[in-house]
K.L.:
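My questions all concern the structure below.
Each residue takes its place number in the sequence, starting with 1.
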Amino acid sequence: QVQLVESGGGLVQAGGSLRLSCAASGSIGSINAMGWYRQAPGRQRELVARITSVGSINYADSVKERFTISRDNAKNTVYLQMNSLKPDDTALYYCNADIQRIGQQIVNRYWGQGTQVTVSS
C-alpha cells in the first residue's frame with residue numbers, strides 16, 4: 001500500500017501565500033518524479049509544477065515566478081510554496097508521485113485526495 005496525503009490548502013486573499021505539503025507513505029522502494037496538479041470547476045486537470053528525483057523542475061507558465069516546488073527525499077515529501085496568489089489559482093490541488101514499491105520492478109503513479117485552495121478577490 002502507498003498513500004499520498006496533502007495538507008496546507010485553505011482560503012486566502014488575493015496577493016497572499018499558502019504552502020502545500022504532500023507526504024508519501026507505505027511500502028516505498030524509491031520515488032521518481034513528484035508533482036502538483038490542479039483542477040478548477042468545469043476545467044481539466046492541469047500540471048502546476050513537477051520535480052524529478054535529481055531536482056529538475058518544470059512549471060506551468062501561469063505560475064512561473066510565483067510558485068516554487070521543492071522536495072525532501074528523506075521525508076518522501078513534496079512542497080508547493082504559492083505566493084502572489086490570484087483568484088484564477090482557485091482549484092482543487094492534487095499531488096502525485098511516481099513510485100516503485102518495495103519488491104516490485106514497475107513504477108506506478110499515485111495520487112493524493114486533493115486539497116482545496118480558494119483565493120478571494
Side-chain angles (χ1 to χ4, degrees):
Q1 282 271 2
V2 170
Q3 190 175 20
L4 271 62
V5 178
E6 300 112 332
S7 60
L11 173 64
V12 64
Q13 288 189 329
S17 298
L18 285 174
R19 189 189 192 214
L20 306 183
S21 300
C22 172
S25 62
S27 58
I28 296 171
S30 63
I31 302 179
N32 296 342
M34 303 183 81
W36 290 95
Y37 285 69
R38 67 186 181 186
Q39 187 168 19
R43 301 179 68 175
Q44 289 190 332
R45 189 176 297 189
E46 62 177 2
L47 172 69
V48 176
R50 193 156 174 81
I51 182 169
T52 71
S53 58
V54 295
S56 295
I57 292 171
N58 62 292
Y59 294 101
D61 288 342
S62 59
V63 306
K64 284 180 180 177
E65 300 184 9
R66 298 189 299 122
F67 291 10
T68 302
I69 189 171
S70 61
R71 63 190 282 175
D72 184 333
N73 291 329
K75 296 181 178 180
N76 291 335
T77 299
V78 62
Y79 305 96
L80 186 67
Q81 177 66 43
M82 305 185 293
N83 299 328
S84 303
L85 282 160
K86 305 175 181 179
D88 282 350
D89 295 317
T90 296
L92 191 59
Y93 284 69
Y94 298 90
C95 72
N96 69 15
D98 296 336
I99 295 173
Q100 183 178 23
R101 293 178 58 183
I102 294 172
Q104 294 188 1
Q105 297 297 316
I106 61 173
V107 175
N108 289 310
R109 178 163 293 179
Y110 295 86
W111 291 85
Q113 80 286 353
T115 185
Q116 179 67 39
V117 172
T118 302
V119 184
S120 62
S121 57

K.L.:
Looking only at heavy atoms, what is the nearest atom pair of V78 and S70, with distance?
P.N.:
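Distance-wise, the nearest heavy atoms are CG2-O, 3.3 Å.
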
K.L.:
Restricting to ring pair (Phe, Tyr, Trp, His ring centres under 6.0 Å), what partner residues turn up for Y94, sequence neighbours left out?
P.N.:
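Here no residue qualifies.
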
K.L.:
Walk me through it: do L20 and V117 pass the test side-chain contact (heavy atoms from CB on, under 4.5 Å)?
P.N.:
CA-CA 9 Å; L20 306 183; V117 172; 4.1 Å; yes

K.L.:
Would you name the heavy atoms of A97 and L4 that are closest together and state the gap between them?
P.N.:
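Heavy atoms of A97 and L4 come nearest at N-CD2, 3.7 Å.
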
K.L.:
Please determine whether side-chain contact (heavy atoms from CB on, under 4.5 Å) holds for the pair L47 and N58, giving the CA-CA distance in whole Å, both sets of side-chain angles, and the decisive distance to 0.1 Å.
P.N.:
CA-CA 9 Å; L47 172 69; N58 62 292; 3.3 Å; yes

K.L.:
Name all pairs fulfilling the ring pair (Phe, Tyr, Trp, His ring centres under 6.0 Å) condition that reach into residues 5-58, sequence neighbours left out, sorted by first residue then second.
P.N.:
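Residue pairs with at least one partner in residues 5-58: Y37-W111.
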
K.L.:
Holding to side-chain contact (heavy atoms from CB on, under 4.5 Å), I want the full list of residues that pass it with S53, two or more places apart in sequence or in another chain.
P.N.:
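S53: side-chain contact (heavy atoms from CB on, under 4.5 Å) contacts with R71.
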
K.L.:
Let me confirm one number: the CG-CE distance from D72 to M34, rounded to the nearest 0.5 Å.
P.N.:
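The distance works out to 10.0 Å.
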
K.L.:
Under the side-chain hydrogen bond (donor to acceptor under 3.5 Å, both in side chains) rule, what pairs show up with a residue in residues 6-19, not counting sequence neighbours?
P.N.:
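Sorted result for residues 6-19: E6-Q113, S17-N83.
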
K.L.:
For residues 22-33, which side-chain N or O atoms pair as donor and acceptor with protein atoms under 3.5 Å away, sequence neighbours left out?
P.N.:
from	atom 1	to	atom 2	distance (Å)
S27	OG	R101	NE	3.2
S27	OG	R101	NH2	3.4
S30	OG	Q100	OE1	3.4

K.L.:
Could you name each residue pair satisfying ring pair (Phe, Tyr, Trp, His ring centres under 6.0 Å) that touches residues 41-65, not counting sequence neighbours?
P.N.:
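Residue pairs passing ring pair (Phe, Tyr, Trp, His ring centres under 6.0 Å), neighbours aside: none found.
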
K.L.:
Got a list of side-chain donor-acceptor pairs under 3.5 Å for residues 86-93, not counting sequence neighbours?
P.N.:
from	atom 1	to	atom 2	distance (Å)
D89	OD1	R38	NH1	2.9
D89	OD1	R66	NH2	3.0
D89	OD2	R66	NH1	2.8
D89	OD2	R66	NH2	3.4
D89	OD2	K86	N	2.8
T90	OG1	P87	O	2.9
T90	OG1	V119	N	2.9
T90	OG1	V119	O	3.4
Y93	OH	R38	NH1	2.9
Y93	OH	D89	O	2.6

K.L.:
So which pairs with a foot in residues 105-116 pass salt bridge (Lys or Arg N to Asp or Glu O under 4.0 Å), sequence neighbours left out?
P.N.:
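Every pair satisfying salt bridge (Lys or Arg N to Asp or Glu O under 4.0 Å) with a residue in residues 105-116: D98-R109.
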
K.L.:
Hydrophobic side-chain clustering at under 4.5 Å (ILVMFWY, transitive links): who's grouped with I106? Put none if nobody.
P.N.:
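Cluster partners of I106: none, it stands alone.
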
K.L.:
Can you pull the disulfide (SG to SG under 2.5 Å) pairs that have at least one residue in residues 26-89, sequence neighbours excluded?
P.N.:
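Qualifying pairs, neighbours excluded: none.
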
K.L.:
Supply the atom-to-atom distance Y79 OH to T68 OG1, rounded to the nearest 0.5 angstrom.
P.N.:
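Reported value, rounded in 0.5 Å steps: 14.5 Å.
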
K.L.:
For S120, enumerate each residue passing the side-chain hydrogen bond (donor to acceptor under 3.5 Å, both in side chains) test, keeping only those at least two apart in sequence or located in another chain.
P.N.:
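None.
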
K.L.:
From Q81 CD over to L18 CG, what is the distance, rounded to the nearest 0.5 angstrom?
P.N.:
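Answer rounded to 0.5 Å: 8.5 Å.
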
K.L.:
Under the side-chain hydrogen bond (donor to acceptor under 3.5 Å, both in side chains) rule, collect the residues that match up with N96, sequence neighbours excluded.
P.N.:
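Residues passing side-chain hydrogen bond (donor to acceptor under 3.5 Å, both in side chains) with N96: R50.
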
K.L.:
Same hydrophobic cluster for I99 and V107, using side-chain heavy-atom links shorter than 4.5 Å among ILVMFWY?
P.N.:
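Cluster IDs for I99 and V107 differ.
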
